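Since this is a predicted model, take the numbers as computed values, not measurements. Just so you know, these numbers use all the heavy atoms, side chains as well, and skip hydrogens, waters and symmetry mates.
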Amino acid sequence: MVDVTRIVIIGGGPGGYEAALVAAQLGAEVTVVDRDGLGGSAVLTDCVPSKTLIATAEVMTGFDSSYQELGITLACAAERAISVDLGKVNRRVKRLAIAQSHDITQSVTRSGVTILRGTGRLGPGGQAVDGSREVLVEESDGTVRSLRADAVLIATGAHPRELPDARPDGERILTWTQVYDLDELPRELIVVGSGVTGAEFAGAYQALGSKVTLVSSRDRVLPGEDPDAAEVLEDVFRRRGMNVMSRARAEAVKRVGDRVEVTLGDGTVISGTHCLMAVGSIPNTADMGLEEAGVKLNDWGQVQVDRVSRTSAPGVYAAGDCTGVFMLASVAAMQGRIAMYHALGDAVQPLNLKTVSSNVFTDPEIATVGYTAADVSCGKMDAVEVKLPLRGNPRAKMQGIRDGFVKLFCRPGTGIVVGGVVVAPRASELIHSISLAVDNNLTVEQVASAFTVYPSVSGSTAEAARQLHIRKRAESES
Ligand SMILES: Cc1cc2nc3c(=O)[nH]c(=O)nc-3n(C[C@H](O)[C@H](O)[C@H](O)COP(=O)(O)OP(=O)(O)OC[C@H]3O[C@@H](n4cnc5c(N)ncnc54)[C@H](O)[C@@H]3O)c2cc1C
């Protein structure tokens with residue numbers, strides 16, 4: 001008789017539920033312990049709700065920014081052609097999130113996985129003689145259950161970081177998980193933090209009609225992204241009327257009646273009707289018995305893992321935001337699947353972050369894959385680049401798109417494509433051809449020779465590849 005491997009997964013976000021599906025397919029006996037609902041923060045509070053809100057914002061900016069140029073006239077002459085019912089938008093956001101969590105619960109249950117609602121932690125006993133570990137599950141009525149597992153996956157995600165002098169109150173001072181309870185559009189919104197989350201919300205609320213101030217402690221918005229892309233976005237934000245405050249660190253946020261006041265490092269006080277805090281996140285790893293079980297955490301409390309998701313404790317794996325490896329739902333899911341392939345003895349390819357594609361859902365969107373300009377400038381990768389502004393793309397001209405570009409990086413000798421950036425509406429859809437090239441070591445010649453539709457924005461990707469090919473040929477001839 002073949003022994004069935006018992007897998008217990010703590011956390012039912014993309015890291016946890018995708019792992020559960022794979023483990024069940026591989027024949028394991030799988031239990032997922034989750035305290036908030038399957039889909040995790042990704043589905044219930046973060047990724048899915050923000051992108052649903054942004055879907056409304058996207059239609060509004062698309063219309064606002066091009067209708068006059070495209071020859072559309074309006075029957076009424078209101079100050080702004082279109083407006084939003086935020087209560088209705090937020091009800092839609094929550095409905096879709098709950099429906100998606102429900103769909104995931106159904107498919108995980110159908111695959112034979114047991115789902116337990118409760119808070120999980122590793123038991124105090126360490127590894128038993130048979131190699132198994134104990135997981136304790138506290139249910140909502142206080143009952144504590146003990147489960148035994150041959151392998152445990154920690155996939156508990158993260159939660160919004162709070163500053164000591166800027167505590168969210170859920171009404172005027174908000175985290176990104178609280179904004180969906182608003183019934184009315186914030187008139188004057190101050191967004192603290194100009195990373196991906198801050199930039200996405202700042203752009204979305206501006207499109208919906210809020211007057212937005214973006215407080216950035218760095219020189220420019222999106223400090224972790226391609227500098228040319230960040231420059232385009234910051235320029236677009238400012239042109240649309242956003243007050244982008246650079247090198248301005250928020251020290252404190254307080255409520256004053258129906259308003260909020262944000263005090264900056266230099267003592268300046270700015271005032272608005274609402275403040276959204278987007279200052280990073282904290283891994284959900286406290287009080288879980290991890291260090292007692294030999295699971296090493298770094299100084300930020302993130303679980304240390306290798307490229308097959310193993311922690312420092314035998315039989316304990318970790319995936320997703322609690323590891324801080326690359327805080328994306330797609331990476332969490334991949335880490336979770338890899339953990340299960342490894343734990344269950346299936347063929348496993350270690351995580352390769354250089355093929356991850358990611359997107360900033362602003363308008364324009366910024367999509368990136370592979371090696372970056374920073375990797376090239378610090379000498380980590382020897383590559384040449386070409387950047388084609390969308391201004392020259394026929395489809396973009398027809399659609400009234402002026403901002404954005406396609407950038408490709410390739411190795412100087414072989415012409416192998418190692419990275420790319422697309423700044424455009426729907427860049428998240430356009431990056432895939434570059435992802436395929438990076439993942440399969442395609443050369444610029446191969447990318448250039450594939451047909452693209454005329455006219456299309458993706459024609460710029462092929463054109464960038466052609467230009468790199470010509471440059472490579474000229475260099476080899478000289
Ligand atoms: C505003 C925002 C927008 C984002 N947009 C995108 C996007 O567009 N694309 C993208 O790829 N990524 C996006 N992300 C990142 C993405 O949401 C995360 O990378 C993803 O949620 C990580 O998945 P996870 O499985 O690690 O954790 P989570 O999705 O956080 O799930 C963890 C689950 O574990 C549960 N849990 C925690 N502790 C315990 C415990 N002790 N016992 C039981 N259960 C527990 C939690 O309740 C939760 O259900 C966004 C993030 C934010 C903040």
Side-chain angles (χ1 to χ4, degrees), residues 3-45 98 101-102 104-159 283-295 297 301 303 309-323 332 335-336 339-340 343-344:
D3 280 348
V4 176
T5 310
R6 297 158 301 172
I7 303 280
V8 174
I9 297 171
I10 310 179
Y17 79 76
E18 289 285 350
L21 291 170
V22 162
Q25 278 158 12
L26 292 175
E29 182 189 296
V30 190
T31 305
V32 176
V33 181
D34 189 274
R35 64 177 181 209
D36 293 317
L38 284 211
S41 315
V43 169
L44 294 168
T45 56
I98 287 168
S101 173
H102 182 73
I104 293 168
T105 307
Q106 278 197 325
S107 86
V108 170
T109 309
R110 261 200 310 270
S111 70
V113 172
T114 304
I115 300 170
L116 289 182
R117 190 71 176 251
T119 303
R121 65 192 315 277
L122 290 181
Q127 222 174 356
V129 190
D130 66 355
S132 72
R133 290 194 172 263
E134 184 185 36
V135 172
L136 298 173
V137 183
E138 183 173 348
E139 291 170 298
S140 54
D141 62 0
T143 317
V144 177
R145 270 201 217 200
S146 164
L147 309 174
R148 289 228 73 91
D150 302 303
V152 179
L153 176 70
I154 311 292
T156 46
H159 61 274
N284 296 326
T285 52
D287 305 323
M288 286 193 61
L290 295 177
E291 283 172 303
E292 296 84 331
V295 177
L297 306 180
V303 182
S309 309
R310 276 180 300 194
T311 71
S312 50
V316 182
Y317 294 77
D321 283 7
C322 67
T323 68
Q335 285 179 290
M340 293 301 106
L344 296 166

Is there a side-chain contact between [X] and [Y] in this structure, where contact means two heavy atoms from C-beta onward sitting under 4.5 Å apart?
X: L136; Y: P124; value: yes
X: P314; Y: R133; value: yes
X: R35; Y: S140; value: no

- Task: Starting from the C-alpha separation in whole Å, work towards a yes-or-no answer on side chain to side chain contact (heavy atoms under 4.5 Å, CB included) for I154 and V295.
- Result: CA-CA 10 Å; I154 311 292; V295 177; 5.9 Å; no
Please report the shortest heavy-atom distance between [X] and [Y], naming the atom on each side.
X: A149; Y: V8; result: CB-CG2, 3.6 Å
X: I10; Y: M288; result: CG2-CE, 4.0 Å
X: A339; Y: L153; result: CB-CD1, 3.8 Å
X: C322; Y: A155; result: SG-CA, 4.2 Å
X: R148; Y: R6; result: CB-NH1, 3.5 Å
X: G37; Y: L44; result: O-CD1, 3.7 Å

- Is it true that E139 and R145 have a side-chain N and a carboxylate O under 4.0 angstrom from each other?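 Counted as a salt bridge, because a side-chain N and a carboxylate O are separated by less than 4.0 Å.
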Hey, is the main chain of [Y] close enough, under 3.5 Å, to the side chain of [X] for a donor-acceptor pair?
X: T156; Y: N284; answer: yes
X: S312; Y: G294; answer: yes
X: T311; Y: A318; answer: no
X: D321; Y: G157; answer: no

If I take atom [atom1] from residue [X] and atom [atom2] from residue [Y], how far apart are they, to the nearest 0.5 angstrom?
X: E292; Y: R121; atom1: CD; atom2: CZ; value: 6.5 Å
X: T109; Y: L38; atom1: OG1; atom2: CG; value: 7.0 Å
X: I7; Y: D150; atom1: CD1; atom2: CG; value: 7.0 Å
X: Q106; Y: S111; atom1: CD; atom2: OG; value: 12.0 Å
X: Y17; Y: I104; atom1: OH; atom2: CD1; value: 4.0 Å
X: L147; Y: E29; atom1: CG; atom2: CD; value: 10.0 Å

- Verify the neighbour count for atom CG of D130: are there more than 12 heavy atoms of other residues, nucleotides or ligands below 6.0 Å?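 Buried by this count: over 12 neighbours within 6.0 Å.
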- Between L122 and L290, is a side chain to side chain contact (heavy atoms under 4.5 Å, CB included) present by the stated rule, with each step listed? CA-CA 7 Å; L122 290 181; L290 295 177; 3.9 Å; yes
- Message: side chain to side chain contact (heavy atoms under 4.5 Å, CB included), that's the test. Do V144 and V137 meet it? Break it down for me.
- Response: CA-CA 5 Å; V144 177; V137 183; over 6 Å; no
- Side chains of T119 and E138: do they bring a donor and an acceptor to under 3.5 Å?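 Their side chains do not contain a donor-acceptor pair, so the 3.5 Å distance test is not met.
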- Modelled atom types, side-chain donor and acceptor of T323 and Q335, under 3.5 Å: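 Yes - a donor-acceptor pair under 3.5 Å links their side chains.
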- Output, in order, the C-alpha distance, side-chain angles, deciding distance and verdict of side chain to side chain contact (heavy atoms under 4.5 Å, CB included) for L116 and T31. CA-CA 7 Å; L116 289 182; T31 305; 3.9 Å; yes
